[in-house]
Amino acid sequence: MTNASIWQIMAQKGYSRRDFLQFCTYAAALSGLDYAAYGQVVESMEKKPRPPVVWLHFQECTCCSESFLRASHPIVADVVLDTLSLDYSQTLQAASGFQAEACLHETIRDFPGEYVLLVEGSVPMKDGGIYCTVAGQSAEDILKESAKHAAAVVAWGSCASNGCIQAARPNPTNATPIHKILHGPVINVPGCPPIADVMTSVVTHLLVFGRVPDLDRKGRPREFYSRRVHDTCYRRPYFDAGLFVENWDDENARKGYCLYKMGCRGPVTYNACGVTKWNEGTSFPIQSGHGCIGCSEDGFWDNGPFYQHLANFPGFGIEATADKVGLIAGSATVAGVAAHAVLTNIRKRRVIDETQHESADMPREV
Amino acid sequence: MNTLAAPNYKRIYVWEMPVRLFHWVNALCITVLIVTGYLIGHPLTLFRSPEAYQQYWFGTVRFIHFAFAYLFLFNFLMRLYWSFVGNRFANWRTFLPLKKVQRHDLMDVLTVDILQIKEKGKISLGHNMLAGLSYFCLFLVGIFQILTGFGLYAAMSKSWFAGLFAWVVPLFGSDGVTRVWHHGAMWFFIVFIVVHIYIVFYHDYVEGRGTASSIVGGWKFEREDRIKPDSF
């Protein structure tokens, strides 16, 4: 089946040409392509044999897969899951045991430089990687072996992109994001989970153009991660106006003011939640009245508490914000300065008197 | 009553115009940046009922912060330039204890002025070595604030200049972490201001040489017999 194109498979499944073209329009728009590129999308979907896909799961909770299943356009999930030939996915494959492992090795052997490797989860590097093994092989070995001949490597979610919860302090298994293990380019699609439509768009981009999308400094597709949640948030006008929710149950919360003071991480989080939203464009956390927790940012789990604007200051134990540390340092300084001033008047009395005696005598008025 | 003749004092032009200008522009910038920066971290509840379209005060506070950040940066660069072309009191060497005489001065300041275990020591003309070191720290923290601040600003600016700092945030991992450090470093400036102003008053009070006014007019006073060609 790996030689058939997406259109051929859709036709086999009974989708009409119109359904197919609608799907292409949707895929093009979602990937941020302009109308001129539409023809290219149709052509690729129609003619290009879909690439084999290997989807690996390491230390993760499968929320990325769950998110992927909820892509807005039903055909997207259908196409990607059913028709992208998902040759190996521990969660979704029918095969098991030796048969499943044989699938993986066959794909790597038969399609070198053609298959797309999607990785969900971080890789434990401590103690020889014994904390995550599949079929007797460590996650690290499987990853390195699978990535060697992959056409492209995608890190699904925060686990694979930045370690996520597994890598939170004290990181007992030394959970490591895959871009730190592999040498080649990795497309990071962070989020816990990433937005389904963002995931499908990345796959679509690989399929249509046959190359990696434009990435930022952290390996994230610029299309979806170049703006902060804050920049596209519908509550942004309240931020600029200085109108904030002060308490979860106050009048301002009811009015839908900005959640900045409640610890919303929107201003420091790069993601497309405000634009694509979730669950077929229904809503996103801020719209539901809860601040963003910054799940697509590095170390978001360590930068808590989530309901406080500034994270705790590292190195000063729990419950110490930069301001508490600063206030103590500032108060100590004021106290020190005051003590020094008193000391000066005692210890330097003689010097001060001498200086005063140096003063030139003014002629007395008679 | 005064048996000794009053010693002869000479007037010395220590702080040149660009140094004084730098000082006051820097002081203004730091003050404005601390106030606006603190407000950005902890916005006040100023209004209760209006609609968002009726006001823009928080946006304005942020604008002032960014505008003064630019001023702070270019003022800083001007001073850096002046430390190579200005007089010997403004020279970059006065900020680092490179020479033996400077290290002696450092010990003198520590024992005479800070710990006060010695009554008298040599008094420098420009800033003393400990002050020089504290300014050097201020420069370092200033650079840190410029890097982290413009690093955070890069993502929301289209200007090529802010774009030059886009590499900073990945070093810290995320915007959130960078922001915590940027905010925490503000307290260095607050502590610095307290100590700096106190120490100026201290020297003026104990030594009576016009230390405080020197940063306004540029002049300091020194006894004729104490002025040496290598004084700093």
Side-chain angles (χ1 to χ4, degrees), chain A residues 162 216-218 226-228 231 237-244 246 251-252 257 260-261 265 267-270 294 297-300 302-303 309-314 321-323 325-327 329-330 332-334 336-338 340-341 343-344 347-348 350-352 355-361, chain B residues 1-2 4 6-7 38 41-62 113-114 116-117 119-120 152 155-156 166-167 169-170 172-181 183-188 190-191 194-195 198-199 201-202 205-208 223:
Chain A
N162 58 46
D216 68 7
R217 277 165 197 273
K218 304 188 84 177
S226 62
R227 280 188 292 176
R228 302 169 301 166
D231 298 328
Y238 291 107
F239 172 84
D240 290 325
L243 296 171
F244 303 103
E246 310 282 338
E251 176 69 13
N252 298 354
Y257 284 1
Y260 184 71
K261 287 173 91 169
R265 296 285 190 268
V268 290
T269 303
Y270 293 81
E297 287 294 306
D298 281 20
F300 83 99
D302 285 330
N303 295 318
H309 167 61
L310 276 175
N312 282 339
F313 206 61
T321 60
D323 286 324
V325 175
L327 201 61
T333 310
V334 171
V337 159
H340 196 270
L343 183 76
T344 301
R347 305 271 299 175
K348 294 282 173 189
R350 208 140 53 98
V351 180
I352 295 162
T355 313
Q356 276 169 358
H357 283 134
E358 277 181 10
S359 179
D361 280 336
Chain B
M1 173 189 143
N2 202 355
L4 290 165
Y38 193 83
H42 303 271
L44 295 171
T45 308
L46 291 180
F47 305 98
R48 278 279 165 202
S49 58
E51 286 298 325
Y53 62 82
Q54 289 168 314
Q55 60 193 36
Y56 196 75
W57 80 264
F58 200 57
T60 308
V61 166
R62 292 173 67 247
D113 298 309
I114 305 302
Q116 304 193 350
I117 42 183
E119 195 170 52
K120 283 181 185 173
L152 285 166
M156 36 180 141
W167 54 273
V169 170
F172 286 84
S174 68
D175 273 24
V177 175
T178 315
R179 174 176 283 203
V180 168
W181 283 102
H183 190 91
M186 167 192 75
W187 285 96
F188 173 84
I190 294 173
V191 167
V194 171
V195 175
Y198 167 73
I199 288 287
F201 287 179
Y202 165 88
Y205 178 60
V206 174
E207 295 162 5
R223 276 164 61 161

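Quantities reported herein were computed from a predicted structural model and do not represent experimental measurements.
Proximity of a side-chain donor or acceptor of A/R265 to a complementary backbone N or O of A/N303 within less than 3.5 Å is detected. A donor-acceptor distance shorter than 3.5 angstrom exists from the side chain of B/Y198 to the backbone of A/A341, with no hydrogens or angles considered. When atom types are taken as modelled, the side chain of A/N252 and the backbone of A/F244 share a donor-acceptor pair closer than 3.5 angstrom. Using a distance-only test at 3.5 Å, with no hydrogens or angles considered, no donor-acceptor pair links the side chain of A/T269 to the main chain of A/E297.
Neither the backbone nor the side chain of A/V325 has a heavy atom closer than 4.5 Å to any heavy atom of chain B. Within the 4.5 angstrom heavy-atom criterion, atoms from both the backbone and the side chain of A/T344 approach chain B. If you measure heavy-atom distances from B/Y56 to chain A, the contacts under 4.5 Å come from both the backbone and the side chain. Using a 4.5 Å cut-off between heavy atoms, A/R228 touches chain B through its side chain atoms alone. Both the backbone and the side chain of B/A166 come within contact range of chain A, with heavy atoms under 4.5 Å apart. Neither the backbone nor the side chain of A/D302 comes within contact range of chain B, judged by heavy atoms closer than 4.5 Å. With a threshold of 4.5 angstrom between heavy atoms, B/L44 approaches chain A through N, CA, C or O but not through any side-chain atom. Neither the backbone nor the side chain of B/F172 comes within contact range of chain A; no heavy atom of the residue lies under 4.5 Å from a heavy atom of that chain. Only the side chain of A/R217 comes within contact range of chain B, with at least one heavy atom under 4.5 Å from a heavy atom of that chain.
From B/D113, atom CG reaches atom CD of B/E207 across 6.0 Å, with rounding to the nearest 0.5 Å.
Top candidate by heavy-atom pairs under 4.5 Å with chain B, chosen from A/T333, A/V268, A/T321, is A/V268. Ranked by heavy-atom pairs shorter than 4.5 Å toward chain B, the options A/L343, A/V337, A/T355 are led by A/V337. Heavy-atom pairs under 4.5 Å with chain B peak, among A/P267, A/A322, A/G326, at A/G326. In terms of non-hydrogen atom pairs under 4.5 Å with chain A, the most contact-rich of B/Y53, B/W181, B/F188, B/Y38 is B/W181.
Taking the side chain as every heavy atom from C-beta outward, A/K218 and A/N162 never approach each other to under 4.5 Å.
Checked for salt-bridge contact, B/E119 and A/R350 meet the test: a charged N lies under 4.0 Å from a carboxylate O.
In this structure, the side chain to side chain contact (heavy atoms under 4.5 Å, CB included) partners of A/V334, at least two apart in sequence or on a different chain, are B/V194.
Ring geometry, A/H309 versus A/Y260: the interplanar angle falls from 30° to 60°, so the pair is classed tilted.
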